[in-house]
Amino acid sequence: MRQTFYSGGWLYAALVAPILILIFTFFYLPVGLAFYWSFFLEKPFGGGSQFVGLENFARVLLDAGFWSSLWRTFLFMMLAASFGILLALLLALAADRGIRTSRIARNVLIWPKAIAGASIGIVFTFIFNPFLGLFAPLNEVFPGLWNPRIDGADAFATVVIAQVWTGIPFNFIILLSGLQTIPDTLIKAAAMDGASAWRRVRDIQLPLLTPQLFLTFVLEFVQTAVDPFGLIDTMTNGGPGDSTTLLIYKIYTDGFHSYDLSGAATQTVLLMLFVIAMVLVQFRLEKRVKYER
Amino acid sequence: MGNTIELDHVSKAFDGKTVIHGLSAAFEDGEFIAILGPSGCGKSTMLSMIAGLERITSGRILIGGTEVQNKAPKDRGCAMVFQNYALYPHMSVRENIGYALKVAGVPKEERHRRIAEAARVVELGDYLDRRPSALSGGQRQRVAIARAIVREPKVLLFDEPLSNLDAKLRHGMRMELSQLHRRIGATSVFVTHDQIEAMTLAGRVMLLNAGRIEQFASPHDLYHRPASTFVASFIGAPPMNLITVTGDGSALRLPDGTILADHGHTGGVTLGIRPEKIVTGAGTLLAKVLYREDLGSHCSLLVQLGGGQTILIASPFGTEIGAFDEIRFHFPTEQIHLFDTETGLRANS
């Protein structure tokens, strides 16, 4: 559709330019360069590169460290996305039913969205501190039960919890707005049909919430693949051992600590392909549960 | 007891603002009741309270002699047809109708038999596998009714079910609802703001005004013996003429002394007379027609009485009266209703 409001083609271009320049410099250019570099062997301190074809890919794909961090990334995506959505869904259902104090909760729940990942990481490091934090009393009774500095599973759990916590606000808003588009009379009709509150959630609200649930799952999957960098960097530095080294963190350490620029670029490309594949699978799933209003 | 409904001093307040004021009434088993009133009179709230979708603030509601005001909707044995149909968009017509049975754990075979039966009653047989979005307004309405009757409820509640249909369809559905009620015999409560629906469908009409019952009577009584000026002006199109007059024991006079009608009343009173009951062509009253509407079956004439008050006269088809003509007319004494000027309540028997 051609609009006549702006007559000159140049004005048109000038108005669109800023956002195009931003997207190009900070998205398409890096992505393109990562693709480019994944076929070259880059010198760590600059000054020339050598075309090596698929050698980088062969090297990365044969590296056990890559596969284990990809597995951890997958696990992390599954856990953080599921819990982030499940908890947000429970909160949204509660807020939608107009349960007492839900109005306050609605406001309070949205604030965490405005906090940077690194800050959250520092706060959670305190909360989960084995000597001063929330679980310190537990450690007094069962010494060594909780210590994310030593125990890899504990460390992984802390990062998952922090990620879930950051994910809830957005999911909550999306799901709550989705619930509120469901006409009140449908819920009343189901109540008249004899359905209990839980039955109404299962038979009426959840099926009608599918579009919003799908949206949150897609966004959560993309976010949990990329977002936890700030958390890992402040909370665990990928440790203990490699237990919290997700792919996004491995790319950073490989590239900027080990100066394996080509390897980092290659893993970036692979991570991107992985996320795309996951989202495509979800889109296939969505077609099966589609309905019309 | 059958399936009677009893309202015993039922009150409802929202945030301290009372919308239903201690309302009491009894509906007989199998009766078709219409709750009629202007918007905001509390009629839908009343229905929701019977259904259990809205809690009552005080009083009692009895269905079949059992107190139900503290029971959940599913334990009251009511089924409801909603204004916007409220069909589940993600279920087929069959699933929509059968949902209540499924929730109640009715075995699959019996379920299918009863769904087919309900669909047959509302003539929906061919559409069972469609989604509601593929149906027309009238068909959706049928699904909503089938969904309500499939459980064989004690009480059927209708919340303005015809207001989303176009005029022609509405007339057809009205007839079908009436026949359906005769066949099923469930006690039915029908909320509407449309007096024609209420008058044609219901055995008795409860006319609500601002959360109070103005009159609870048969359509005939509502029309011919209105209990108050509110009823008189709400029922009938065009509404009843209401004129402030003074009686001297033999005649009712306007403030300027003109005799409107012969009547034995003494003192100030509000005279009511239906436009179609005023006899034109003869009589002592003479007035000029200010405005004239030809409605085919009759003419509606706006005339001005002495003292400036205007009244409507419905003249029968065939009388040749033009706008700005002077006409003669009179008020037959037996057609006159008297209302207390202060309270608006009916004064003559």
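First the proteins, then the strands, lettered A, B, ... as listed; each starts at 1. Because only heavy atoms are used, hydrogens play no part in the values below, and waters and symmetry mates are left out as well, while side chains stay in. The shown structure was predicted, so the numbers you read here are calculated from the model rather than taken from an experiment.
For B:L87, the part lying near chain A is the backbone, with the side chain staying farther off; criterion is any non-hydrogen pair under 4.5 Å. If you measure heavy-atom distances from B:A79 to chain A, the contacts under 4.5 Å come from the backbone alone. Looking at A:D184, neither its backbone nor its side chain comes within 4.5 Å of chain B, counting heavy atoms on both sides. Only the side chain of B:F82 comes within contact range of chain A, judged by heavy atoms closer than 4.5 Å.
Put simply, the side chain of B:P89 does not reach to within 4.5 Å of the side chain of B:P132, judged on heavy atoms.
Under the 6.0 Å cut-off for aromatic ring centres, A:F124 and A:F128 qualify, their centroids lying closer than that.
With respect to the salt-bridge test (charged N to carboxylate O, under 4.0 angstrom), the residues B:E197 and B:R174 do not qualify.
Between the side chain of B:D75 and the backbone N or O of B:K71 there is no donor-acceptor pair closer than 3.5 Å.
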